Amino acid sequence: MKHYIVKVLLAVAGLSGLALAQTATVRPVLPQDLVYAARPDNPAVQGAWVLGAEKKPGPYLFRVKLAAGGKIQPHTHPDERNSTVLSGTIYVGFGEVFDESKVVAIPTGGVYVAPARVPHFVWAKDGDAVYQESGVGPTATVPRPRPPLP
């Protein structure tokens with residue numbers, strides 16, 4: 001009798017799991033639903049949270065539109081970020097100073113990693129570009145101080 005009850009309970013548990021799986025629905029995040037914002041000091045850059053949020057713990061996706069010729073000056077993040085280029089080509093460099101001679105081209109479909117707390121910069125040298133960053137929050141973007149003008 002015990003074995004029969006255990007089998008019935010296992011069958012019910014399996015069926016209830018199947019029922020729950022069948023009632024789940026896909027909730028897409030569509031490009032037209034994203035809300036982009038630009039920083040007043042750099043209108044060539046627009047960003048939108050796809051999943052998660054800057055101050056929330058857990059995984060996030062952040063999408064960036066960079067206008068042709070747009071530059072993101074050296075900055076850091078407290079977490080490692082993995083970036084995938086969705087369209088166009090971005091040029092990425094590492095260091096405290098934006099140095100056009102030290103950038104590497106990352107074409108559509110390419111991925112680069114910005115390690116936590118390592119200064120880096122981005123440039124849409126050849127035209128408009130869109131890329132998407134992923135990481136684990138909370139996160140932030142910390143601008144590096146600009147060197148004084150000569």
Side-chain angles (χ1 to χ4, degrees), residues 10 12-150:
L10 288 174
V12 169
L15 290 174
S16 65
L18 184 59
L20 287 175
Q22 290 176 349
T23 60
T25 59
V26 175
R27 294 185 187 145
V29 178
L30 302 174
Q32 64 268 23
D33 297 334
L34 297 178
V35 178
Y36 285 88
R39 292 178 56 116
D41 62 339
N42 194 351
V45 181
Q46 295 183 359
W49 290 99
V50 179
L51 298 172
E54 186 173 44
K55 305 226 183 287
K56 272 178 75 174
Y60 64 81
L61 290 175
F62 185 70
R63 193 161 299 171
V64 179
K65 290 181 179 178
L66 193 52
K71 294 181 178 181
I72 301 174
Q73 294 297 322
H75 62 283
T76 63
H77 308 287
D79 59 313
E80 177 177 282
R81 289 194 176 186
N82 302 297
S83 297
T84 303
V85 179
L86 302 177
S87 66
T89 299
I90 61 171
Y91 292 78
V92 179
F94 291 92
E96 295 280 343
V97 176
F98 196 109
D99 185 343
E100 294 177 5
S101 71
K102 293 186 178 177
V103 295
V104 173
I106 315 292
T108 299
V111 175
Y112 79 93
V113 177
R117 297 174 297 285
V118 173
H120 58 284
F121 45 92
V122 183
W123 183 21
K125 178 181 172 182
D126 300 331
D128 294 346
V130 178
Y131 63 97
Q132 185 163 280
E133 300 178 324
S134 65
V136 179
T139 189
T141 299
V142 182
R144 305 305 294 171
R146 291 196 183 188
L149 295 173

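For clarity, every value in this text was computed on a predicted model and none was experimentally measured.
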TODO: Check the pair Val103, Lys125 against side-chain contact (heavy atoms from CB on, under 4.5 Å), reporting the backbone distance first and the verdict last.
DONE: CA-CA 10 Å; Val103 295; Lys125 178 181 172 182; 5.6 Å; no

- [ ] Output the distance between atom CD (Gln132) and atom CG (Leu61), rounded to the nearest 0.5 Å.
- [x] 4.5 Å

Task: Partners passing salt bridge (Lys or Arg N to Asp or Glu O under 4.0 Å) against Lys65 (at least two apart in sequence or in another chain) - done: none

TODO: Sort and list the pairs that fulfil side chain to side chain donor-acceptor pair (under 3.5 Å) and have at least one residue in residues 105-123, not counting sequence neighbours.
DONE: His75-His120, His77-His120

Open item on the list: Checking the side chain of Asp79 only, and the main-chain atoms of Ala116 only, is there a donor and an acceptor separated by less than 3.5 Å?
Closed with: no

Open item on the list: Less than 4.5 Å apart, side chain to side chain, heavy atoms only: is that true for Ile106 and Tyr131?
Closed with: no

Task: Test side-chain contact (heavy atoms from CB on, under 4.5 Å) applied to Ser87 - qualifying residues, sequence neighbours left out - done: Val130

- [ ] Of all the heavy-atom pairs spanning Asp99 and Ser101, show the shortest one and how long it is.
- [x] OD1-OG, 2.6 Å

Task: Note, Glu96 side chain near Pro74 side chain (heavy atom, < 4.5 Å) - done: no

TODO: Answer whether the closest heavy-atom distance between the side chains of Phe121 and Glu100 falls below 4.5 Å.
DONE: no

Task: For Gly70 against Ala44, the heavy-atom pair lying closest together - done: CA-CB, 3.7 Å

Open item on the list: Please give me the minimum heavy-atom distance between Ala124 and Ala67, naming the atom from each residue.
Closed with: CB-O, 3.4 Å

Open item on the list: So which atom in Gly52 and which in Tyr60 form the shortest heavy-atom distance, rounded to 0.1 Å?
Closed with: CA-CB, 4.2 Å

Open item on the list: If the test is side chain to side chain contact (heavy atoms under 4.5 Å, CB included), which one of Leu51, Thr84, Val29, Leu34 qualifies with Arg63?
Closed with: Leu34

Task: Set of residues satisfying side-chain contact (heavy atoms from CB on, under 4.5 Å) with respect to Ala105, sequence neighbours excluded - done: Thr89, Tyr91

- [ ] Could you list the residues that satisfy side-chain contact (heavy atoms from CB on, under 4.5 Å) with Pro78, not counting sequence neighbours?
- [x] Thr139, Ala140

TODO: To the nearest 0.5 angstrom, please state how far the CZ atom of Arg144 sits from the CZ atom of Phe98.
DONE: 16.0 Å

TODO: Sequence neighbours left out, what pairs pass side chain to side chain donor-acceptor pair (under 3.5 Å) with at least one residue falling in residues 41-55?
DONE: Arg39-Asp41

Open item on the list: Any heavy-atom pair between the side chains of Thr141 and Arg81 that's under 4.5 Å?
Closed with: yes

